[in-house]
Amino acid sequence: MQDHKLIVISNREPYIHQRRGEQIEVIRPASGLVTALEPILRQFGGLWIAHASGSADFETANERGEIQVPPSHPTYTLRRVALSREEELGYYYGFANEGLWPLCHLAHTRPIFRLSDWEHYQAVNQRFAWALPPESSGKNSLILIQDYHFALLPRFLKRRFNGATQRPRIGLFWHIPWPNPETFGICPWNQELLHGMLGSDVIGFHTQYHCNNFLETCNRYLEARIDWEKFSVTMDQHETLIRAFPIGIDPSPVRTLNQQEIHQLKARYGIQAEIVAVGVDRLDYTKGLVERVEAIERLLEKYPHYRGRLSLVQMGSPSRTHIPAYRALSDQLHQAVERVNTRFGSESYQPIVFLPEHHEWGEIQYFYQMGDLCLVTSLHDGMNLVAKEYVWCQAAERGALILSKFTGASRELTEALIINPYSIEELADSIATAIELPVAERTRRMLAMKEKIQSQNAFHWATHQIRALLTGTTTPSTLAQAS
Ligand code: F6P
């Protein structure tokens, strides 16, 4: 990396400056992408370009929209790009999150494609292509584009740097699942999106399955050469490698709470139950949150001896609240929680302790430690880093992970209790199994998962991608482990 400059482009910024009256607050967003990428930038330095989403973002930045971060000990530059309200509505809420998000997640929410959203999406992608400083045009720049907000950006960047004698290497990482060709064909602009993405030198997904879907999609909709041996697509005489890079977390040690501190944390939130299940999610319809609450209800119905003894503590970070499907989910969830709490709760006991607000990592890690088990019930998820964070933070002899088979994480964390979140019965039973797991068994499972999380961490994820970008190859272990 010494000879290269790392440039990351994502919609979500790693630090949001928000004005609250006289004060300016720094917020770390709930984003798996930020969780994984931030340690890389902290370690290697570089430039991160992202949408300015905080009300005090420009007050705290210089005239180029730049600020050195992390605020406590700066090591890299964050460059903020301003979007108008219309652009945000069309590009972010509209095309990215009402169109591509439900298109790529099989969660039975119908994607909406509006021409005006598509026009904003194109314009914002174009804008980010010009947000890169001119000096990033050289071969020493490594540009890592993040996610479905920027499918067109690789092609735009390639065009922008066309005149350069040796252009930078461009990688695109798609953090969400890639659907099968039929599903992707629903999008009226499917060819334009694929063409845009193929401006990259390497495209990464979390699992080999998503790589296969992507190749099949290109095969179906493009006049391109598909190399099934090399796993590449060649179009307009440019070859793009398609690779699986399963994302990980920063495996830095966390401070372990003692028993007394755990009791104090429980007391602070009025949690009386002796057994705590935790859930930590953005309030998103892909996360299987209503199913989770229904499973707690079924558990208490079917196994009455857990009444009064088990609570689910559900942290829910509000997300994309401008979109009707998200507001509907929030209403549905609140109603489900109320129903279960009314049915099985008492003055001193709530089966579901619902905390629908943003929480910072400093607090989340302690909630994980409070959790005798953790519920990850996504209906569909690219990876799901909550599963990895929980295993990493919780003591081996205390933890148990219940993990949806529709997450990328379930391919790696095979020692979890793997469930189908659409089966409320199975989910309820697996919670009972997790509670009753003998200590030796839960320790064995947790230790095996901790080992994987330690080795397949965020740094490996980034290193493998960077190596693929620089050399055009991936190590056999990356491929084997991802398949
Ligand atoms: O991991 C997928 C993703 O959409 C990221 O791109 C994003 O930062 C995160 O989920 C949270 O979503 P948002 O940035 O829309 O709040």
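We use all heavy atoms of the structure for the numbers below, so side chains are in, but hydrogens, waters and symmetry mates are not. Whatever order the structure lists ligands and atoms in, that order sets their numbers, starting from 1.
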Among pairs that include at least one residue of residues 142-158, which meet salt bridge (Lys or Arg N to Asp or Glu O under 4.0 Å), considering only residues two or more places apart or in two chains?
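Pairs touching residues 142-158 that pass the test: Arg155-Asp236.
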Check salt bridge (Lys or Arg N to Asp or Glu O under 4.0 Å) between Glu192 and all other residues, then give those that pass, not counting sequence neighbours.
none
Using only heavy-atom distances, determine whether the side chains of His51 and Glu13 contain a donor-acceptor pair under 3.5 Å.
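Looking only at side-chain atoms, Glu13 and His51 do not form any donor-acceptor pair under 3.5 Å.
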Any side-chain donor-acceptor pair under 3.5 Å between His17 and Arg80?
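Arg80 and His17 do have a side-chain donor-acceptor pair below 3.5 Å.
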Say you draw a straight line from CD of Glu66 to CZ of Phe58; how long is it, rounded to the nearest 0.5 Å?
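Answer rounded to 0.5 Å: 11.0 Å.
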Acceptor/donor pairs from residues 27-38 side chains to any protein atom, 3.5 angstrom cut, sequence neighbours excluded:
from: Arg28; atom 1: NE; to: Pro14; atom 2: O; distance (Å): 3.1
from: Ser31; atom 1: OG; to: Leu33; atom 2: N; distance (Å): 3.4
from: Ser31; atom 1: OG; to: Val34; atom 2: N; distance (Å): 3.2
from: Thr35; atom 1: OG1; to: Ser31; atom 2: O; distance (Å): 2.9
from: Glu38; atom 1: OE1; to: Arg42; atom 2: NE; distance (Å): 2.7
from: Glu38; atom 1: OE1; to: Arg42; atom 2: NH2; distance (Å): 2.9
from: Glu38; atom 1: OE2; to: Tyr15; atom 2: OH; distance (Å): 3.0
from: Glu38; atom 1: OE2; to: Tyr76; atom 2: OH; distance (Å): 2.8

Taking a 3.5 Å cut-off between nitrogen or oxygen atoms, can you list every pair linking ligand 1 to the protein, with distances?
from: ligand 1; atom 1: 4 (O); to: Tyr148; atom 2: OH; distance (Å): 3.1
from: ligand 1; atom 1: 4 (O); to: Arg320; atom 2: NH2; distance (Å): 3.1
from: ligand 1; atom 1: 6 (O); to: Asp147; atom 2: OD2; distance (Å): 2.4
from: ligand 1; atom 1: 8 (O); to: Ser31; atom 2: OG; distance (Å): 2.8
from: ligand 1; atom 1: 12 (O); to: Arg320; atom 2: NH2; distance (Å): 2.8
from: ligand 1; atom 1: 14 (O); to: Arg12; atom 2: NE; distance (Å): 2.8
from: ligand 1; atom 1: 14 (O); to: Arg12; atom 2: NH2; distance (Å): 3.3
from: ligand 1; atom 1: 15 (O); to: Tyr92; atom 2: OH; distance (Å): 2.4
from: ligand 1; atom 1: 15 (O); to: Arg320; atom 2: NE; distance (Å): 2.9
from: ligand 1; atom 1: 15 (O); to: Arg320; atom 2: NH2; distance (Å): 3.0
from: ligand 1; atom 1: 16 (O); to: Arg12; atom 2: NH2; distance (Å): 3.0

